[in-house]
Amino acid sequence: MMSLDGSVYVCASTGETGIDVLVVRHPDRSENVLRHLEWIMVATSPYANLEEKHRVAVWLAGRAGSLSGR
């Protein structure tokens, strides 16, 4: 999940014995999070969430646009 303003990224997963939760402030500053979001864009799976892919694409495009304006 991404916060509405894009300043927080939350990822959660269920495991065999518990729940894993990752929360990152300013995900645009984390190369690991950026690589994960780029992976979401190219991953092919029958379980892929197309809305998530679209939202990630919009967020990454907005980030790229803000970087070019620096």
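Nothing here was measured: the structure is a model prediction, and the numbers come from that model.
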When Ile, Leu, Val, Met, Phe, Trp and Tyr are grouped by side-chain heavy atoms lying under 4.5 Å apart, directly or through other members, which residues fall in the same group as V21?
M1, V8, V10, I19, V23
If you link ILVMFWY side chains whenever their heavy atoms are less than 4.5 Å apart, which other residues fall into the same cluster as L4? By chain and number, please.
none
Pairs satisfying salt bridge (charged side-chain N to carboxylate O under 4.0 Å, His left out), at least one member in residues 13-25, at least two apart:
none
Listed by chain and number, what are the side-chain hydrogen bond (donor to acceptor under 3.5 Å, both in side chains) partners of H26, not counting sequence neighbours?
none
Which residues satisfy the side-chain hydrogen bond (donor to acceptor under 3.5 Å, both in side chains) test with S7, sequence neighbours excluded?
D5
Are the side chains of Y9 and S30 in touch, meaning some heavy atoms are under 4.5 Å apart?
no
Measuring only between side-chain heavy atoms, which start at C-beta, is L34 closer than 4.5 Å to L60?
yes
Measure from the side-chain N and O atoms of K53 to the backbone N and O of A43, and report whether any donor-acceptor pair falls under 3.5 Å.
yes
Those residues that, when tested against E51, pass salt bridge (Lys or Arg N to Asp or Glu O under 4.0 Å) (two or more places apart)
R55
Just verifying a value: how many Å separate H54 NE2 and M41 CE, rounded to the nearest 0.5 Å?
9.5 Å
Give, for atom CD1 of I40 and atom CD of E38, the distance between the pair rounded to the nearest 0.5 Å.
10.5 Å
Just to verify, what does L22 make a side-chain contact (heavy atoms from CB on, under 4.5 Å) with, not counting sequence neighbours?
C11, V24
